[in-house]
Structures are given as structure tokens and as C-alpha cells.
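Okay, so here's the structure we're looking at.
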Amino acid sequence: MPDIFTRTIDPQLIRRSTPDGQPAQIEPTKGIIEGRPIVYEQRTAIGDYFYEEIARGALDDADLSDVKFMVNHNDGMIPLARHRRGKRSSMDIVIDADGMQIKTTLDVENNATARELCSAVTRGDIEDMSFAFGIMVSGEEWRDLDKDMPTRRITKISKVCEVSAVNDGAYPQTSIYARSSSPLDNDKSALDNARAAALDNEKRGQNDDSQASLKLAKEKFLFLEGAKHYERKN
């Protein structure tokens, strides 16, 4: 399967809040919320480990067949809305040139959490959106791994399974990483793995260069020995 997760186990599911704090739009009396949880070509600092950006078109082949709308990635709550392909959906998703947009009408009459969220968004207490996603194999590129803050560019997202309204992020360009004993453990692991792979490739390259040099030296030796033999015969 070409689009498997690089992180398939729930505790390692990647979660990110939208760069630059893209605000949700709301009609409180109707419970309508619109937002942009994923934005292309925005650079976000992931802790003190690396920068991250999502390439334009990264969602083109993503699995969007079941995407839940939550608050603060709370898995214990009933989804406020849900987008499901081939089934009844209460949330619309649109992928455009800038990323992902969502629109949903929450059940403010029967759902207390929906009413609370609408109130919080109306007051400006909640402004940001976030998303949970997986990355395709070979769906990321690393640059500047020798620097203190390298850059990971995500080129292919395999699946989006959740979008959330979130309180805020840890940084001006917010980033949230959930379901881990330490929120950034998995990000650090991703960076460590990328650096280890780069070092391994470098060592392989050096070994290939050494083998090539050895082969060249051997060929040069054989050529010189052949030339001496030719001179002795003549």
C-alpha cells in the first residue's frame, strides 16, 4: 500500500494547529462554524526541534473518508460533527489551492458542548484550528539537517482523521502535538531518524568513494606495472 502512515498508532498520530492562527468564522444563532485547519506553504516552528511546512498539493491524494470535528483533540467526547464519504455527513470539506476548508452546522439546541464552543468562538476565546494527520511513505523532505533548526517539508499527507477547534498554540505560529507522554517526543524522534538516515547515506557515500578510489588506484598500479613490463620487453 503506497499511502500507509509513517505513524499508524494513535499515540503517535501527528497533530498540528494552523499556522498564523487562522480564525474560525461563526454564526452563533445557527451554530455555523467555518475554518481553515490546513494551510499550504506556511512555516511553523515545531518546538525547538525543526521548522515544518506543508507543500501545496499535499492533500491531493489524502484519505478524507472519515474526518471528525472535535474540541482540543478530546478523544473522550462525542464528535461535534463528522465528514464521511458515502455516508451521512454533518461537515463539509473543501480542498483548494491554499489548503483545506471546513464548514459545519453544530447542534446548538441539543448539544451543550456545541453551545459552549460557539460562545467561546464568538467571544474570541477560541480562534485557532488544528488537524490530525499521517504522512505517506516518502511524503516528507528534510533540509538543513546539520543546522540547529532544520526544515521538514511535508509533500504528501496520507490521511486526515480529525480537525479541532483549539484554545491556542505554544508558539506564535502555533503547533500542537497530542497523545504522547511528552507532546514533542515524536517530533524529536522524527528529526533524530532523519538525521540518522542522512548520516547513514553520507557514510555509504564515503564508502562508495573509498571503494572507487581503491579501484582507481588498483587500475593505475596495474597500468604502471604493465607499462614497465612493456618497456623491459622492448
Side-chain angles (χ1 to χ4, degrees), residues 1-22 36-63 72-73 95-100 128-164 166-210:
M1 296 175 62
D3 60 345
I4 62 174
F5 282 101
T6 53
R7 296 165 180 80
T8 56
I9 301 173
D10 281 349
Q12 297 181 5
L13 192 64
I14 302 171
R15 283 177 175 174
R16 292 283 184 266
S17 60
T18 305
D20 297 323
Q22 298 291 321
R36 184 176 287 278
I38 301 177
V39 178
Y40 292 149
E41 304 299 343
Q42 295 288 333
R43 197 183 195 200
T44 301
I46 306 302
D48 295 324
Y49 297 133
F50 55 87
Y51 297 109
E52 185 176 85
E53 57 193 26
I54 298 178
R56 183 166 281 108
L59 288 164
D60 287 353
D61 300 314
D63 179 359
N72 287 321
H73 299 297
I95 305 301
D96 58 23
D98 297 317
M100 173 189 284
D128 299 345
M129 296 205 72
S130 179
F131 62 106
F133 66 105
I135 303 174
M136 285 187 183
V137 173
S138 302
E140 60 185 5
E141 301 168 353
W142 287 88
R143 302 193 301 265
D144 303 325
L145 283 168
D146 57 332
K147 296 182 179 180
D148 291 337
M149 287 286 287
T151 297
R152 175 166 69 175
R153 183 172 174 82
I154 297 173
T155 57
K156 287 294 180 182
I157 290 175
S158 61
K159 182 179 179 66
V160 178
C161 57
E162 177 201 323
V163 295
S164 274
V166 295
N167 294 339
D168 50 34
Y171 303 91
Q173 291 183 322
T174 55
S175 61
I176 291 178
Y177 203 116
R179 294 186 183 178
S180 172
S181 56
S182 174
L184 292 171
D185 278 350
N186 293 318
D187 283 318
K188 184 177 185 302
S189 177
L191 175 58
D192 290 343
N193 290 339
R195 281 181 167 154
L199 181 60
D200 185 56
N201 288 337
E202 182 181 350
K203 288 180 177 178
R204 289 182 182 178
Q206 291 174 348
N207 183 60
D208 290 343
D209 290 343
S210 298

Inspect the contact between Glu41 and Arg153 and indicate whether a charged nitrogen and a carboxylate oxygen are less than 4.0 angstrom apart. yes
Heavy atoms from other residues, nucleotides or ligands near CG of Asp148 exceed 12 (cutoff 6.0 Å): no
Using a strict threshold of under 4.0 Å (side-chain N to carboxylate O), is an ion pair present between Arg36 and Asp96? yes
For a 4.5 angstrom cut-off between non-hydrogen side-chain atoms, does Leu145 reach Leu199? no
Cation over ring, Arg56 on Tyr40, under 6.0 Å and within 45°? no
Just verifying a value: how many Å separate Tyr51 OH and Ile46 CD1, rounded to the nearest 0.5 Å? 11.0 Å
Nearest-0.5 Å distance, CZ of residue Phe133 to SG of residue Cys161: 10.0 Å
So His73 and Glu162, do their side chains get closer than 4.5 Å, heavy atoms only? yes
Could you tell me whether the side chain of Ser158 and the main chain of Gly134 form a donor-acceptor pair under 3.5 Å? yes
Apply the test side-chain contact (heavy atoms from CB on, under 4.5 Å) to residues Val39 and Met100: give CA-CA distance (whole Å), side-chain angles for both, the deciding distance (0.1 Å), then the verdict. CA-CA 7 Å; Val39 178; Met100 173 189 284; over 6 Å; no
Is the shortest side-chain heavy-atom distance between Glu52 and Ile154 below 4.5 Å? yes
So which heavy atom on Pro37 is nearest to which on Met129, and how close? CA-CB, 3.9 Å
Is it the case that the side chain of Thr155 and the backbone of Gly139 share a donor-acceptor pair, with hydrogens and angles ignored and the cut-off at 3.5 Å? yes
Side chains of Pro150 and Leu191, heavy atoms from C-beta outward: is any pair under 4.5 Å? yes
Just jot down the side-chain hydrogen bond (donor to acceptor under 3.5 Å, both in side chains) partners of Asp192, sequence neighbours excluded, or say none. Lys188
Side-chain heavy atoms of Phe50 within contact of Asp144, under 4.5 Å: no
Report the C-alpha separation of Lys156 and Leu59 in whole Å, then their side-chain angles, then the decisive distance to 0.1 Å, and conclude whether the side-chain contact (heavy atoms from CB on, under 4.5 Å) test is met. CA-CA 6 Å; Lys156 287 294 180 182; Leu59 288 164; over 6 Å; no
Is there a donor-acceptor pair under 3.5 Å between the side chain of Asn201 and the backbone N or O of Ala197? yes
A side-chain contact here means heavy atoms from C-beta on lying under 4.5 Å apart; do Ile38 and Val160 qualify? yes
For Thr151 and Glu53, what are the C-alpha separation, side-chain angles and deciding distance, and is it a side-chain contact (heavy atoms from CB on, under 4.5 Å)? CA-CA 8 Å; Thr151 297; Glu53 57 193 26; 4.2 Å; yes
Using side-chain heavy atoms (C-beta onward) and a distance below 4.5 Å, is Met136 in contact with Ile157? no
For Met149 and Gly47 the tightest heavy-atom approach is CE-O, 4.0 Å
Are Asn167 and Asn72 packed together at the side-chain level, in the sense that at least one heavy-atom pair is separated by less than 4.5 angstrom? yes
